[in-house]
Amino acid sequence: MPELPEVEVLARHLRPLLNGKIIRSVEVRRAKVLQPTSVSRFQKELCGAKFVGLHRRGKYLLFELRQTGEREILLLLGHLGMTGRMYLAPKHVPLPKHAAVVMHLGARKFIYEDARYFGRLTLDISAVEKLGAEPWDNNFSAERFYKKLKTSRQPVKVKLLDQALIAGVGNIYASEALFRAGISPRRAANKISLARTEKLLAAIRAVMQEAIDCGSTIPLNFAGRQKPDGLFYFGRAAGTPDYYVERLCVYDRAGQPCVNCGRPVKRMVQAARSTFYCPHCQKE
DNA sequence: CACCATGTTCCTTG
DNA sequence: CCAAGGAACATGGT
């Protein structure tokens with residue numbers, strides 16, 4: 001469930017649940033997700049530690065932990081990959097098939113499960129240093145965005161997925177933001193005007209903020225495995241009965257009418273990923 | 001069986 | 001050296 005808005009909503013959900021909880025023991029069922037941290041080091045560092053904070057950076061979660069009586073804060077980095085989930089469950093419930101890491105917290109346990117094991121839960125936090133700006137970072141102006149885009153001839157859609165440029169945009173919200181800004185996904189990054197870049201940055205922020213608001217409003221079951229559980233790509237804001245009615249404008253809507261002009265939404269492949277767009281509303 | 005999937009990293013090619 | 005493209009990772013859904 002993994003672009004910036006989903007991770008942000010998850011962080012807000014988990015923060016109060018984990019805060020103050022002490023890790024009694026750690027079960028690693030798939031060592032791959034800890035890499036390059038070893039299972040023994042992971043267990044040694046985490047056992048007895050207390051959760052004292054939780055932050056999001058891009059699509060990453062940063063858990064802050066502290067051993068009793070110690071000053072130093074230990075950082076644990078989480079990433080959900082494509083199919084990762086993190087949630088708390090009562091201690092006695094059976095583990096899901098793809099549980100990768102389980103932290104026993106007493107009455108409850110913290111579960112990281114991931115059907116495809118593309119995600120991470122590791123003490124190696126080096127990935128965060130490589131990230132670009134947060135979309136709302138005051139230091140990240142349209143001018144700076146524009147200068148970054150100037151250095152590449154790649155299609156703008158592909159550049160939006162570059163986490164070193166701007167952190168947190170994934171395949172769904174890249175298409176949505178470009179539709180919102182009226183920019184063709186095919187447009188070369190270095191050929192976008194400053195004025196268009198301003199529209200694009202505003203669109204990215206708006207699309208992300210609306211998704212966060214949506215995810216904060218609709219009922220979510222983070223432990224569930226049904227389609228809308230813990231996800232809100234397909235949610236509609238406010239707790240209306242039809243909350244999983246399509247909310248996105250173009251993503252996964254190939255062949256359906258554009259919400260703007262009524263002409264069919266198209267799908268194409270860029271850098272081996274699907275892009276959805278309206279050829280009429282998004283000119284080159 | 002074929003093809004698709006919210007992400008990142010590594011290898012190859014030009 | 002760099003940018004760009006594609007495969008790999010591993011599993012499940014349609």
Side-chain angles (χ1 to χ4, degrees), chain A residues 1-11 29-36 56-61 77-86 96-100 112-122 124-132 148-178 185-191 204 207-208 211-212 214-215 220 222 224-235 244 246-255 267-276:
Chain A
M1 61 144 128
E3 294 185 37
L4 183 151
E6 292 71 34
V7 180
E8 175 62 28
V9 170
L10 177 61
R29 311 181 112 232
R30 186 68 75 115
K32 183 203 174 209
V33 304
L34 311 183
Q35 276 178 10
R56 178 197 57 74
R57 176 82 169 87
K59 302 173 193 173
Y60 290 91
L61 289 168
L77 187 69
H79 194 287
L80 297 168
M82 298 269 264
T83 50
R85 294 191 171 219
M86 293 183 187
K97 183 177 178 185
H98 297 296
Y112 162 42
E113 67 163 296
D114 192 342
R116 291 167 77 177
Y117 303 105
F118 284 179
R120 285 287 180 275
L121 192 57
T122 177
D124 172 26
I125 61 165
S126 60
V128 219
E129 295 156 22
K130 299 169 192 156
L131 292 177
K148 294 274 193 182
L149 291 174
K150 264 277 171 278
T151 69
S152 172
R153 282 151 298 178
Q154 274 189 307
V156 60
K157 153 62 162 48
V158 177
K159 284 312 285 182
L160 288 185
L161 299 180
D162 180 358
Q163 301 300 298
L165 173 60
I166 181 166
V169 180
N171 205 39
I172 291 176
Y173 297 114
S175 283
E176 292 297 310
L178 287 167
R186 283 198 176 87
R187 185 89 191 167
N190 62 356
K191 286 167 92 179
I204 291 167
V207 156
M208 298 274 203
I212 292 171
C214 172
L220 296 171
F222 291 89
R225 266 165 299 285
Q226 305 299 315
K227 186 170 182 182
D229 289 351
L231 304 164
F232 43 91
Y233 298 116
F234 304 105
Y244 37 63
E246 185 68 57
R247 176 176 61 83
L248 303 175
C249 293
V250 287
Y251 185 81
D252 205 23
R253 295 196 71 227
R267 172 187 182 268
M268 68 173 161
V269 173
Q270 294 180 291
R273 321 264 336 249
S274 290
T275 300
F276 298 88

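Keep in mind that the numbers below use all heavy atoms, side chains included, and drop hydrogens, waters and symmetry copies. Below, chain A is the first sequence line, B the second, and so on; all start at residue 1.
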(message) Taking the P atom in each of B:dC11 and C:dA10, what is the distance between them to the nearest angstrom?
(response)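 B:dC11 and C:dA10 have their P atoms separated by 15 Å.
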Does a side-chain N or O of [X] approach OP1 or OP2 of [N] to a distance below 4.0 Å, or not?
X: A:H79; N: B:dT8; value: yes
X: A:R267; N: B:dC3; value: no
X: A:K97; N: C:dT11; value: no
X: A:K159; N: C:dA4; value: no
X: A:T83; N: C:dG12; value: no

Can you tell me how far [atom2] of [N] sits from [atom1] of [X], to the nearest Å?
X: A:Q35; N: C:dC9; atom1: CD; atom2: P; answer: 13 Å
X: A:L161; N: B:dT9; atom1: CG; atom2: C1'; answer: 15 Å
X: A:K32; N: B:dT8; atom1: NZ; atom2: C1'; answer: 10 Å
X: A:Y117; N: B:dG7; atom1: OH; atom2: C1'; answer: 17 Å
X: A:Y251; N: B:dC4; atom1: OH; atom2: P; answer: 12 Å
X: A:R116; N: C:dG13; atom1: CZ; atom2: P; answer: 12 Å
X: A:M82; N: B:dT8; atom1: CE; atom2: C1'; answer: 10 Å
X: A:M268; N: C:dG5; atom1: CE; atom2: P; answer: 13 Å

Decide yes or no for [X] and [Y]: does some side-chain heavy atom of the first lie under 4.5 Å from some side-chain heavy atom of the second?
X: A:I212; Y: A:L4; value: yes
X: A:H98; Y: A:D114; value: no
X: A:L10; Y: A:L61; value: yes

Any luck finding a side-chain donor-acceptor pair between [X] and [Y] under 3.5 Å?
X: A:T83; Y: A:R116; value: no
X: A:Y60; Y: A:Q163; value: no
X: A:K157; Y: A:N171; value: yes

(message) Just to verify, what does A:D124 make a salt bridge (Lys or Arg N to Asp or Glu O under 4.0 Å) with, not counting sequence neighbours?
(response) none
(request) Let me have DNA chain B in dot-bracket notation, would you? Count Watson-Crick plus G-U wobble pairs, both distances under 3.5 Å, and use [ ] for pairs crossing earlier ones and | for inter-strand partners. (result) .||||.||||||||
(request) Taking only the side-chain heavy atoms of A:Y60 (C-beta and beyond), determine which of C:dT11, C:dA4, B:dT9 contains the nearest atom. (result) B:dT9
(message) Between B:dA5 and A:R273, counting only base atoms on the nucleotide and side-chain atoms on the residue, is there a donor-acceptor pair under 3.5 Å?
(response) no
(message) Using a 5.5 Å cut-off between ring centres and planes within 30 degrees, is A:F118 stacked on the base of C:dC9?
(response) yes
(request) Classify the nucleic acid contact of A:A115 as base, sugar-phosphate or nothing, counting any heavy atom under 4.0 Å across all strands shown. (result)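 Since only primed, P, OP1 and OP2 atoms lie under 4.0 Å of A:A115, the category is sugar-phosphate.
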(message) Over all strands shown, is A:R120 touching base, sugar-phosphate only, or nothing at heavy-atom distances under 4.0 angstrom?
(response)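 Nothing, no heavy atom under 4.0 Å.
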(message) Return whichever of A:T151 or A:A271 has its heavy-atom-nearest nucleotide of DNA chain C closer to the 5' end.
(response) A:T151
(message) Quick one, A:V9 with A:F222, criterion side-chain contact (heavy atoms from CB on, under 4.5 Å). Give me CA distance, side-chain angles, the key distance, then yes/no.
(response) CA-CA 10 Å; A:V9 170; A:F222 291 89; 4.1 Å; yes
